[in-house]
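Proteins come first, then strands; the chains are lettered A, B, ... in the order of their sequence lines, and each starts at number 1.
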Amino acid sequence: MKEKFYITTAIAYTSKIPHIGNTYEWILSDAVARYKRNRGYDVYFLTGTDEHGEKIEQEAKKEGKSAQEHVDLIAKEIQDIDDKLGVSYDQFIRTTDKKHKEIVQKIFRKIYEKGDIYKGFYEGLYCVPCESFFMESQLADGMCPDCGREVVSTKEDAYFFKLSKYQKRLEDHIEANPDFIVPPSRKNEMLNNFIRPGLRDLCVSRSSFSWGIPVDFDEGHVVYVWIDALSNYITALGYDPFGESDELFTKNWPADLHIIGKDIVRFHTIYWPIILMSLDLPLPKQVYGHPWLLSDSGKMSKSKGNTLYARDLVKTFGLDRVRYSVLREMPYSEDGHFSPETLVRRSNSDLSNVLGNLLNRTLAMSHKYFGGQVKLGSPYEEIDLRLQEEVKKTLALYEKKMDSLHISEAMASVIQLAKAGNKYIDDTTPWLLAKDETKKDRLSTVLYSLIENLRIIAILLEPFIPETSEEILNQIRTQIRDYDSIYTYGSLEEDLIVGKAQPIFERLDLDEIVEKEEAAEKEKVQVKEEAAFKTKEEIDFQTWEKLDLRVAKIISVEDHPQADRLYVLKVDLGQDQRQVVSGIKENYTKEELLGKTVVLLVNLKPIKLRGVLSQGMLLAESKGKDVRLLEASLKVGSPIS
RNA sequence: GGCGGUGUAGCUUAGUUGGUUAGAGCGUUCGGUUCAUACCCGAAAGGUCGGUGGUUCGACUCCACUCGCCGCUACCA
């Protein structure tokens, strides 16, 4: 009987269309899932979407849609991206699925009945006009930091999860199972920052918004999104806390591997295990908090305008180049860097020059010398055995790296084998053998070795570049494609007629691509700017007249004593001087600011910012993180209208 | 400011219990080859392992301090 392997990705949050950095996780998980299948495991691969929460409710409102319409649309897009990336999931779960919602309600009730969830009060300081809660530390002189008015302490009903009850058990489990959280740096982070200092009871219900799964025994409360989202790993399998769970569940739980981003390790290694403990279920065997794929200019985000989308990349470069390069650029534990340039470089060097060319020259020679006929004409010689030794070494290294999730290094080991093939050609000089009729048999063995080598390489590359893997095997025309066959060197059929060489990866011109990308980028930015041109609410002239703007000169600049991103400025208004706190430290040095003539909104209500009084606001143009002060040329103190 | 992470050749990086000349790929330079997608093969140059101090017979590896980046967070009127 095959051993099972249950692997999951985090479910994608459906507030926005994910970029390549988000998408990376699915490719990574897919590579692991494919590898495990190849190794003979009965793999169940789950992915999906996380569709509840206040943020989604707001996002939908902004677009004038209902929450359901919004998530339907995004979930469809996400599934489409998965499909276009060749992600071989077995199930795509949505947290708005009826089944999921019902089971989450049962889970919540089960834990409540057990006494691990209790009803309490969410206490906070509330500013009625602002409709906001604040913590003691957020207050400005005991007043609302937003409007300066009084706040009242309020209590709101809420449910809490007794995390502390399981703290010791969790800590013991993490320590007894060093591979439970990988990489180890993440494990230490969890223990030192969260678990050992003590877990506080977690508020697991919300009543301030409604887009979520209702608590079925208390109207007005919805289940906290993380309880909702994390449960997907068992609801997808048909877990039933009260009755009989589906066979899918009994077979697959506990999960063998949760692959998630390093930012949500906390939820998966603290909250999730405790939920499972409360339900008396076994814990997942491993949680891998993978690093982030950063665009060359930093973490990808829409506001920076350097966003790359998987589908665009696939369209431009083809699926396997994208899969290959994101997986290859990603280290095991540190963030990786990605850009179209790195893709092109990687594709040319590894895929075209090393792999593609090896296939091409091998098949070309086979046809030139034997009409494509494969034969093992003479016994292996020393050099052939050395190549076989290389195969054996590669296999061991590859499996070790794949088993420990060092994907990029596993890939490197296969490319290394392709390089060994290229070297083997240079060492055996088939074109010289071909000139000597008596060495025909020797030549056939050389080519047999090369084709067998390629067959093995193709099989090893399947988890990363499935389309190309198949294409290589097709060109060789071998039917022996199972992973186990590579343990026995020489599984390749004899008397095979290989196909004609077809380039699998054309070389790409970096300059050309960059040019194209830049042109496309420009267009995109333009479109974005046009789309973004929305004005704020109209105001009447009287409102405008209320603004008192004056020309001011900066006469001193000091660092804010308690906030490293703020300056404390003194400005001269002619008849008066003012102190203004401003967050422009990232954009201006002290020297640059000193003496500048700028525009100040002088009748803005004064406020203390981290203890320092600020009497007004400097006007600036801002685009993303780029902030430039408006400079005036008039006399200090002049009003502006 | 708080918490955490990180700093190895021009670039991207490996380094799993501290042990002889710190590995690799890309890039660069030189040489070779022609079966091949002007590709491949070989060689070379390039690192005071951020800095200082300590533990040790011995430190990239452990400890302390320090500098530089990054993330979360406070704060950006």
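- The residues A/Arg386 and A/Glu389 are annotated as not salt-bridged, no charged nitrogen and carboxylate oxygen being separated by less than 4.0 angstrom.
- With respect to the salt-bridge test (charged N to carboxylate O, under 4.0 angstrom), the residues A/Arg442 and A/Asp436 do not qualify.
- Contact annotation for A/Met617: backbone-only contact, meaning every heavy-atom pair under 4.0 Å involves sugar-phosphate atoms and none involves a base.
- In this entry the distance linking CD1 of A/Ile415 with C1' of B/C40 reads 14 Å, nearest Å.
- Side chain of A/Ser352, nearest nucleotide from B/U37, B/C40, B/A14: B/U37.
- What separates CD of A/Glu471 from P of B/U37 is a distance of 16 Å, to the nearest Å.
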Check the pair A/Trp226, A/Tyr271 against ring pair (Phe, Tyr, Trp, His ring centres under 6.0 Å), reporting the backbone distance first and the verdict last.
CA-CA 8 Å; A/Trp226 272 106; A/Tyr271 304 158; 7.8 Å; no

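- Straight-line distance from the CD atom of A/Glu329 to the P atom of B/U12: 10 Å, rounded to whole Å.
- Taking the C1' atom of each, B/G50 and B/U6 are spaced 11 Å apart, rounded to whole Å.
- Side-chain proximity of A/Tyr369 to the nucleotides B/C26, B/C40, B/C35 is greatest for B/C35.
- Taking every side-chain heavy atom of A/Pro503 into account, B/U37 is the closest of B/U37, B/C35, B/G25.
- Straight-line distance between the C1' atoms of B/A14 and B/U34: roughly 35 Å, to the nearest whole Å.
- Comparing A/Gly336 and A/Thr362 by the nucleotide of RNA chain B whose heavy atom lies nearest to each, the residue mapping closer to the 5' end is A/Gly336.
- Taking atom P in both B/G4 and B/C40, one finds a spacing of 47 Å when rounded to whole Å.
- In this structure, A/Arg507 reaches the B/C39 phosphate: one of its side-chain N or O atoms is under 4.0 Å from OP1 or OP2.
- Comment: A/Glu467 does not engage A/Arg323 in a salt bridge, judged by the lack of any side-chain N to carboxylate O separation of less than 4.0 angstrom.
- At the heavy-atom level, A/Asp350 lies nowhere under 4.0 Å from the strands shown.
- Using a 4.0 Å heavy-atom criterion, one finds that A/Val581 contacts the sugar-phosphate atoms exclusively.
- Residue contacts for A/Ile504: at a heavy-atom cut-off of 4.0 Å it reaches a base atom on one of the strands shown.
- Proximity note for A/Ala364 (side chain, C-beta onward) versus B/U37, B/U13, B/A36: the nearest is B/A36.
- Nucleotides B/G5 and B/A44 place their P atoms 40 Å apart, quoted to the nearest Å.
- Rounded to whole Å, the separation between the P atoms of B/G42 and B/A24 comes to 12 Å.
- Comparing the P positions of B/U8 and B/C62 gives a spacing of 16 Å, expressed to the nearest Å.
- The phosphate of B/U16 has neither OP1 nor OP2 within less than 4.0 Å of any side-chain N or O from A/His406.
- Under the 6.0 Å cut-off for aromatic ring centres, A/His290 and A/Tyr24 qualify, their centroids lying closer than that.
- A parallel orientation is assigned to the rings of A/Tyr288 and A/Tyr332, their planes being inclined by less than 30° (bins at 30° and 60°).
- A straight line from CG of A/Asn360 to P of B/U37 spans 5 Å, rounded to a whole angstrom.
- Note on A/Arg345: only backbone sugar-phosphate atoms sit closer than 4.0 angstrom, heavy atoms only; bases stay farther off.
- Ion pairing between a basic and an acidic side chain is recognised when a charged N comes within 4.0 Å of a carboxylate O; A/Asp509 and A/Arg507 show no such pairing.
- Separation of the C1' atoms belonging to B/G68 and B/U29 is 33 Å when rounded to the nearest angstrom.
- Pair check for B/G71 finds B/C3; Watson-Crick or G-U wobble, both atom distances under 3.5 Å.
- Atom pair A/Met330:CE and B/A14:C1' shows a separation of 17 Å (rounding to whole Å applied).
- Both the sub-6.0 Å distance and the 45° axial angle are satisfied by A/Lys440 relative to the ring of A/Phe370.
- Among the protein residues, A/Lys262 comes within range of no part of the nucleic acid, since none of its heavy atoms lies under 4.0 Å from any strand.
- When heavy atoms are screened at a 4.0 angstrom cut-off, A/Asn422 is found touching the sugar-phosphate backbone but no base atom.
- As rounded to whole Å, 13 Å separates atom C1' of B/U33 from atom NZ of A/Lys423.
- Under the Watson-Crick or G-U wobble criterion, with both distances below 3.5 Å, B/G42 is paired with B/C30.
- Per the geometry, CG belonging to A/Leu355 stands 12 Å off C1' belonging to B/U37, to the nearest Å.
- Among the atoms of the strands shown, base atoms are found under 4.0 Å from some heavy atom of A/Phe505.
- Base pairing of B/U21 is not made with any nucleotide, judged by Watson-Crick or G-U wobble geometry with both donor-acceptor distances under 3.5 Å.
- No engagement by A/Thr429 is indicated, since no non-hydrogen atom pair under 4.0 Å with the nucleic acid exists.
- To the nearest angstrom, C1' of B/A36 lies 10 Å from CG of A/Leu358.
- If you take atom P in B/G58 and the same atom in B/C69, they sit 35 Å apart, rounded to whole Å.
- A 3.5 Å limit on both hydrogen-bonding distances identifies no Watson-Crick or G-U partner for B/C76.
- Under the Watson-Crick or G-U wobble criterion, with both distances below 3.5 Å, B/A64 is paired with B/U52.
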